[in-house]
Amino acid sequence: MNFISVDREKCNQDGICVSECPARIIVMDPKAGYPVPTSDFKDFCLKCGHCVSVCPTDALRLDWLGPEECAPIKKERVVTPEQAEQFLSGRRSIRTFKEKKVPRDLLEKLLQVACSAPSAKNQQPWHWIVIQEPAEVRRLAGMVIDAMRIFIQAKPKLSETMGYPRVVAAWDQEYDRVCQGAPHLIVAHADKNWVFGPEDTALALSLLDLYATSLGLGACWAGYFYKTVNTYPPLFEAMGLPADHLAFGAMMIGYPKFRYRRIPVRNRPRVTWK
Ligand SMILES: Cc1cc2nc3c(=O)[nH]c(=O)nc-3n(C[C@H](O)[C@H](O)[C@H](O)COP(=O)(O)O)c2cc1C
């Protein structure tokens with residue numbers, strides 16, 4: 001197998017693919033002057049597709065990826081710094097949702113974009129569980145409350161620090177602080193032995209959160225939920241998680257009931273300039 005093939009009619013021998021390969025497993029053939037894989041290419045290729053997507057002449061293809069499969073980056077869609085600043089600092093955690101379900105194709109789109117997050121060694125370790133029925137979200141939130149009640153009994157002081165008594169008290173007054181009445185919940189899980197699991201899944205969920213905003217959806221991290229999933233076996237089982245996985249994050253999803261008009265102030269960067 002050749003791993004990469006180069007269309008010599010198109011290749012301008014600029015060596016950009018060589019420079020951009022993060023694993024340094026593409027070199028210029030000293031005789032022919034065209035890019036070729038190193039002998040250990042197969043062992044170290046991250047399957048990141050950088051070589052294909054950075055080539056200005058679409059000359060390079062991998063045995064599993066051609067330029068025609070990689071969407072072009074359109075100049076007219078590049079966001080300006082002003083747009084990016086408002087978009088990134090204007091996103092909010094949404095906790096009041098309309099009683100309206102999000103169509104499945106929109107949820108699929110959310111997940112598709114979330115999966116373009118960076119991940120260590122391009123492992124893309126995330127798996128997803130989407131709770132589609134609002135009644136099921138509520139049932140699962142109720143299981144979190146069950147776990148909290150047990151925890152409060154066992155460790156009253158610590159549970160106070162974690163804010164559990166207030167969450168349980170709210171639930172008893174028909175206010176769900178676990179999933180905030182969101183119609184859907186998206187849980188990200190990954191192999192518990194993958195050392196970058198927490199970071200990789202958090203980044204994917206962060207993209208999901210941002211993209212949800214652009215789709216007119218609202219999202220909010222469900223911290224109480226995913227932390228409990230991993231420590232309360234009945235909930236872990238109810239979620240159907242594989243035994244060797246952990247839930248590394250969960251996001252409430254729905255249509256926001258209210259629109260934010262301004263961007264609240266956040267702490268200024270605490271920086272040490274050296
Ligand atoms: C890891 C993590 C867990 C969170 N868990 C919850 C949660 O369980 N419930 C909730 O209402 N908000 C939760 N949040 C949302 C934060 O409270 C929110 O990001 C913060 O108040 C700032 O508001 P903003 O996101 O609108 O800027 C969580 C956020 C993160 C990053």
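Whatever order the structure lists ligands and atoms in, that order sets their numbers, starting from 1. Being a predicted model, the structure only gives us computed values, none of them experimental.
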Legend entry - E174: partners by salt bridge (charged side-chain N to carboxylate O under 4.0 Å, His left out), with sequence neighbours left out: R138
Inset, instruction - Output yes when D176 and R95 qualify as a salt bridge under the 4.0 Å nitrogen-oxygen rule, no when they do not. - result: no
Inset, instruction - Sorted by first residue and then second, give each salt bridge (Lys or Arg N to Asp or Glu O under 4.0 Å) pair with at least one member in residues 209-233; sequence neighbours left out. - result: R91-D209
Inset, instruction - Carefully, step by step, assess K157 and E160 under the rule salt bridge (charged side-chain N to carboxylate O under 4.0 Å, His left out). - result: CA-CA 5 Å; K157 268 210 171 143; E160 199 77 49; over 6 Å; no
Inset, instruction - Give the ring-plane orientation class for H127 versus H245, where under 30° counts as parallel, over 60° as perpendicular and anything between as tilted. - result: perpendicular
For residues 110-123, please give each side-chain donor-acceptor pair under 3.5 Å, one per line with the distance, not counting sequence neighbours.
unit_1: S116; atom_1: OG; unit_2: V113; atom_2: O; d: 2.5
unit_1: S119; atom_1: OG; unit_2: Q123; atom_2: N; d: 3.1
unit_1: S119; atom_1: OG; unit_2: Q124; atom_2: N; d: 2.9
unit_1: N122; atom_1: OD1; unit_2: Q124; atom_2: NE2; d: 3.0
unit_1: N122; atom_1: ND2; unit_2: L46; atom_2: O; d: 3.0
unit_1: N122; atom_1: ND2; unit_2: K47; atom_2: O; d: 2.9

Legend entry - Contact residues of ligand 1, where a non-hydrogen atom lies under 4.0 Å away: R91, R92, S93, R95, Q180, C220, W221, A222, G223, Y224, Y226, M252, R266
